[in-house]
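All remarks here apply to the structure that follows.
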Amino acid sequence: MGSEFMTDFSLEFERWTDGERELKHLTHLDRWEVHSAESIVVRLYDLQLTVEQKPRDLSHDKLGVGACVWDGAIILSAYLASQPRHRYIGCKAIELGAGVGLVSLVLGKMGGHVHATELEKLVPLLRTNVEKNGLDRVVPEKGHVDVSPLEWGSADGMKRALDLCDDGYPDLVLAADCCYIDNEGPSPNTVEFVRLCRALCSEKTRLLISLERRSSEVRDIFIEQVLKQFKTVKRINLSKLPKSLNIDHCDLWDISVS
């Protein structure tokens, strides 16, 4: 069982313990451990990515919650990585609220062409991770990730998002943990988030969203809004992911207009 987890999912990082550096290797989700590290090696099936994060800057007056990897991003990334790779070669995708970029990096490694978007203050960290994983260059028959600032609900948020569709609607719109209550600062607007998602979708676009169950109020608003805006709304069964990722505090949604 251990070797199965080693192959399918693991997190490796260094942390300080009693004044000494300690190498940690996890085969399960542990937010507190993960948020103690400044660099994490993420292994999902045959993919390996290195993600820089800034756990000391999680407060709203600094970079905010987007400065670290969260469970929802790992779940969505694992789902993508579990699919046949040929499915994503050359596909066009937009990720909203990319944070440190794990989801976009996974899809880029699988051959996708991704626009990763985030708040302006998080763009440098996001771009660092794209470069660190060699996805900043456009190479024939390879995936790559572009980085753009975007804030939904802002005066120019919708225009910036639609500008990303100048060469056509994306095949995928991705988002991990973008709806929550921020106890330190302004919370993301769930209604505006769903509205933006709908604007980015054509009849052929697939919307994949992971959402941690932190607030029943936020979850209810999210479900109400997607049912208004989309025809197909279904939860993805996590049972085919590595066993340690079969968690009950995170939903993965598969949504489309048609």
Side-chain angles (χ1 to χ4, degrees), residues 1-11 26-31 34 42-47 49 69-89 91 93-99 102-112 114 170-180 190 193-194 197-198 200-201 203-258:
M1 182 176 292
S3 61
E4 176 188 352
F5 286 152
M6 288 280 287
T7 301
D8 293 344
F9 167 65
S10 69
L11 302 170
L26 300 180
T27 56
H28 62 278
L29 294 175
D30 189 325
R31 178 181 304 162
V34 169
V42 182
R43 294 184 178 88
L44 290 166
Y45 302 97
D46 62 337
L47 299 176
L49 304 109
V69 175
W70 294 81
D71 292 354
I74 294 174
I75 294 298
L76 178 50
S77 296
Y79 173 75
L80 292 172
S82 72
Q83 303 301 297
R85 184 165 298 197
H86 66 81
R87 182 175 296 177
Y88 298 122
I89 294 175
C91 86
I94 295 174
E95 184 182 5
L96 302 175
L102 179 60
V103 174
S104 290
L105 298 176
V106 167
L107 189 58
K109 286 290 187 182
M110 296 180 75
V114 190
D171 302 300
L172 290 174
V173 174
L174 307 166
D177 266 347
C178 288
C179 302
Y180 54 88
T190 302
F193 168 73
V194 176
C197 288
R198 176 61 185 89
L200 293 173
C201 291
E203 297 265 328
K204 298 180 179 180
T205 303
R206 188 181 181 198
L207 175 61
L208 294 173
I209 296 178
S210 64
L211 186 65
E212 285 195 47
R213 295 189 181 189
R214 297 187 183 91
S215 163
S216 58
E217 178 186 357
V218 170
R219 186 174 185 270
D220 289 346
I221 293 173
F222 169 78
I223 293 173
E224 176 187 16
Q225 292 301 312
V226 293
L227 288 174
K228 284 182 179 179
Q229 301 270 5
F230 296 90
K231 183 176 180 180
T232 301
V233 179
K234 58 184 180 180
R235 282 177 57 197
I236 295 173
N237 190 329
L238 303 182
S239 63
K240 293 184 178 180
L241 300 184
K243 289 182 180 179
S244 59
L245 299 183
N246 285 202
I247 57 177
D248 58 10
H249 66 268
C250 185
D251 294 326
L252 184 57
W253 297 91
D254 189 348
I255 301 168
S256 62
V257 175
S258 57

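- When atom types are taken as modelled, the side chain of T190 and the backbone of F222 share no donor-acceptor pair closer than 3.5 angstrom.
- Judged purely by atom type and a 3.5 angstrom limit, R85 has no side-chain atom pairing as donor or acceptor with the backbone of Y88.
- Taken from CD1 in I75 to CD1 in I247, the straight-line distance is 4.0 Å, to the nearest 0.5 Å.
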Would you tabulate the side-chain donor-acceptor contacts of residues 224-242 under 3.5 Å, counting partners in other chains and residues two or more places apart, or write 'none'?
| unit_1 | atom_1 | unit_2 | atom_2 | d |
| --- | --- | --- | --- | --- |
| T232 | OG1 | S258 | O | 2.6 |
| R235 | NE | D251 | OD1 | 3.4 |
| R235 | NH2 | D251 | OD1 | 3.4 |
| N237 | OD1 | S239 | N | 2.8 |
| N237 | OD1 | S239 | OG | 3.0 |

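- Distance SG/C201 to CD1/I255: 8.5 Å, rounded to 0.5 Å.
- Summarising the geometry of P170 relative to A93, their closest heavy-atom pair is CB-CA, 4.1 Å, with the distance given to 0.1 Å.
- The nearest pair of heavy atoms linking Y45 to A78 is CE1-O, 3.6 Å.
- Contact annotation: the side chain of E212 approaches that of C250 to within less than 4.5 Å [non-hydrogen atoms, C-beta and beyond].
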**Message:** Go through it in stages, so that I can follow the logic: the residues are F9 and L29, the test is side-chain contact (heavy atoms from CB on, under 4.5 Å), and I'd like the CA-CA distance, side-chain angles, deciding distance and then a yes or no.
**Reply:** CA-CA 10 Å; F9 167 65; L29 294 175; 3.9 Å; yes
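- Of the inter-residue distances, the one linking D177 atom CG with L211 atom CG reads 6.5 Å to the nearest 0.5 angstrom.
- D254 is listed as a side-chain neighbour of L208, based on a closest heavy-atom distance under 4.5 Å.
- Nearest heavy-atom pair across A175 and L76 is O-CD2, 3.6 Å.
- Summarising the geometry of I209 relative to C197, their closest heavy-atom pair is CD1-SG, 4.4 Å, with the distance given to 0.1 Å.
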**Message:** Apply side-chain contact (heavy atoms from CB on, under 4.5 Å) to residues I74 and L11 and explain how you reach the verdict.
**Reply:** CA-CA 10 Å; I74 294 174; L11 302 170; 4.2 Å; yes
**Message:** The test is side-chain contact (heavy atoms from CB on, under 4.5 Å); show your working for L107 and L172 and say whether it passes.
**Reply:** CA-CA 10 Å; L107 189 58; L172 290 174; 4.1 Å; yes
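- A heavy-atom distance below 4.5 Å is found between the side chains of V106 and L47.
- To the nearest 0.5 Å, atoms CG (L174) and CG (L200) are separated by 11.0 Å.
- Nearest heavy-atom pair across S210 and A73 is OG-N, 4.2 Å.
- Taking OG1 of T27 as the start and CG of D8 as the end, the distance is 11.0 Å to the nearest 0.5 Å.
- Between S104 and A98, the closest heavy-atom pair is OG-CB, 4.4 Å.
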**Asked** Between R198 and L207, is a side-chain contact (heavy atoms from CB on, under 4.5 Å) present by the stated rule, with each step listed?
**Response** CA-CA 9 Å; R198 176 61 185 89; L207 175 61; over 6 Å; no
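- The CE atom of M110 sits 10.0 Å away from atom CG of L44, with the distance rounded to the nearest 0.5 Å.
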